[in-house]
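Chain A is the first sequence line, chain B the second, and so forth, proteins listed ahead of strands; every chain is numbered from 1.
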Number of protein chains: 2
Amino acid sequence: MSKPSQHQRKIKQNMKHRDNHSVCIKTALSRAEKRCAEDGQRFTGLRRQVLELVWAEHKPAKAYDLLATLSSIRSGVAPTTVYRALDFLQERGLVHKIESLNAYVGCSQPDTDHCGHFLICEACSEIKEIENSRVSSWLEQAAQDEDFIIKSETVELIGLCVRCQPLYGERATP
Amino acid sequence: MSKPSQHQRKIKQNMKHRDNHSVCIKTALSRAEKRCAEDGQRFTGLRRQVLELVWAEHKPAKAYDLLATLSSIRSGVAPTTVYRALDFLQERGLVHKIESLNAYVGCSQPDTDHCGHFLICEACSEIKEIENSRVSSWLEQAAQDEDFIIKSETVELIGLCVRCQPLYGERATP
DNA sequence: TTTGGGAAAGTAATATTATAACGATAAGCG
DNA sequence: CGCTTATCGTTATAATATTACTTTCCCAAA
Ligand SMILES: [Zn+2]
Ligand SMILES: [Zn+2]
Ligand SMILES: [Zn+2]
Ligand SMILES: [Zn+2]
């Protein structure tokens, strides 16, 4: 169990981040731009807008919600439009799909080659990509017991985030 | 890395199992029957048939494929029919949904309360539920670093099973 | 044995998520 | 500039899943 002080610290971190979320978006966009330039890929207006919408919150974005929002700022938008952009962004590692929600989220570490592992709050929907590669090596171990070679991983942990625990569940430490 | 002998042993285990798969089905059905009886739930003909079809192979079963097959052995089958049976079976822990495939698979350890963790072969589709609870405790650790409380886990590892590695990928040990 | 209440299944319609096919446009390149 | 190809627009349709309402069936109490 974590100490109360640590718990409070985490909550503060989280609140501070929420105040500065525009930084996340800017960072994500400039990284994407750089990354596409390096690969000789075109980071078009459409792709930029979709990535921007995906990053609008730290929550999973549904394709048809993106479609609706996008329609309000651009004409001739169909499902294909959104899915094509999402495919492009996923191929470049800029966006992950959350399989258990049929939703999409911006990658917070697009400079490394990885499968996303996520913590998803069932109360507030906030989603966090785990930055820890220990998980992958643990899973490798488990797979090796069966002589199985992993190519990609879907890891989505549903539960309560640090802010929602006092409201909806057991708190970490009273 | 595992030794060649171990690799061969795994392959033999696997082949033997394929010859005796009817045992899996029978076991699954009788467990389900017992389990429902204990809970005071009705294990109806429909539910039994759906569970039987889910268990027909060690592969993920798609809802609309179940629907088609079921239609051939019973009349008045609609999507609702299948989804209701699947919901029932999931609630009782007899079936898991594979989120990354939109498909369903029989639980191989319905007597324990757990989230399924899966190895899924991308070559032959064979799927295996990992029986190892180490994984859960590892994931708990990772979540604790973020003061996150896990309620449920989606863990789906895609790759190559022991039989398909020589055909499609690097072998474990030449 | 009858009968009433609730669970299960039937039925129809619709919502949600995703892809296919093909033509029009625009960016990059020699 | 004209060529090539990636991108995007447009339309249609496939695949997955749920809602709402009705009918049937089981079981247990009277
Ligand atoms: Zn990522
Ligand atoms: Zn939360
Ligand atoms: Zn299971
Ligand atoms: Zn295989």
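Side-chain proximity of R42(B) to dA9(C), dT10(D), dC26(D): nearest is dC26(D). Taking the side chain of P79(A) as heavy atoms from C-beta on, and the options dT10(D), dA18(C), dT16(D), the nearest nucleotide is dA18(C). Listed candidates were dT11(C), dA17(D), dG9(D). Nearest to the side chain of A63(B) is dA17(D). Closest to the side chain of L46(B), out of dA7(C), dG10(C), dA17(D), is dG10(C).
Between the CG atom of D87(A) and the P atom of dA20(C) there is a distance of 10 Å, rounded to whole Å. We find that CD of Q90(B) is positioned 14 Å from C1' of dT18(D), with the value rounded to whole Å. R47(B) places its CZ atom 13 Å from the C1' atom of dC25(D), with the value rounded to the nearest Å. Between D65(A) atom CG and dT16(C) atom C1' there is a gap of 11 Å when expressed in whole angstrom units. Computed from coordinates, the L67(A) CG to dT19(C) P distance equals 14 Å when rounded to whole Å. Taking atom OH of Y64(B) as the reference point, atom P of dT18(D) lies 10 Å away to the nearest angstrom. The distance from atom CG of L66(B) to atom C1' of dA15(D) is 14 Å, rounded to the nearest whole Å. Distance L89(B) CG to dA9(C) C1': 15 Å, rounded to the nearest Å.
When side chains are defined from C-beta on, C36(B) does not count as touching K34(B), because their heavy atoms never get closer than 4.5 Å. In this structure the side chain of V155(A) never reaches within 4.5 angstrom of the side chain of I130(A), judged on heavy atoms.
Under 4.0 angstrom from either OP1 or OP2 of dT17(C) there lies at least one side-chain N or O belonging to K62(A).
Annotation: of the two residues near DNA chain C, T80(B) and Q41(B), the 5′-most nearest-nucleotide partner is Q41(B). Nearest-nucleotide positions on DNA chain D for G45(A) and A78(A) put G45(A) closer to the 5' end.
The stretch residues 97-105 of chain B touches DNA chain D through K97(B), N102(B), Y104(B), each having a heavy atom within less than 4.0 Å of the strand.
Under 3.5 Å, the side chain of R84(B) and the base of dG10(C) form at least one donor-acceptor pair of N or O atoms.
Listed for the Q165(B) side chain is a donor-acceptor partner under 3.5 Å among the backbone atoms of D147(A).
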Self-check item: Pair H114(A)-H96(A), ring-ring contact (aromatic ring centres under 6.0 Å, His included): steps then yes or no
Solution: CA-CA 10 Å; H114(A) 67 283; H96(A) 296 289; 5.1 Å; yes
Exercise. Using the salt bridge (charged side-chain N to carboxylate O under 4.0 Å, His left out) rule, take K59(B) and E126(B) through it: C-alpha gap first, then chi angles, then the decisive distance, then the call.
Key: CA-CA 5 Å; K59(B) 296 182 181 177; E126(B) 207 167 87; over 6 Å; no
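Taking the charged nitrogens against the carboxylate oxygens, D145(A) and R134(B) do have a contact shorter than 4.0 Å, which makes a salt bridge.
Taking the ring centre of F88(A) as origin, the terminal cationic atom of R92(A) falls inside the region bounded by 6.0 Å and 45° from the ring axis.
With centres under 5.5 Å and a plane angle under 30° as the test, the ring of Y83(B) is not stacked against the base of dT18(D).
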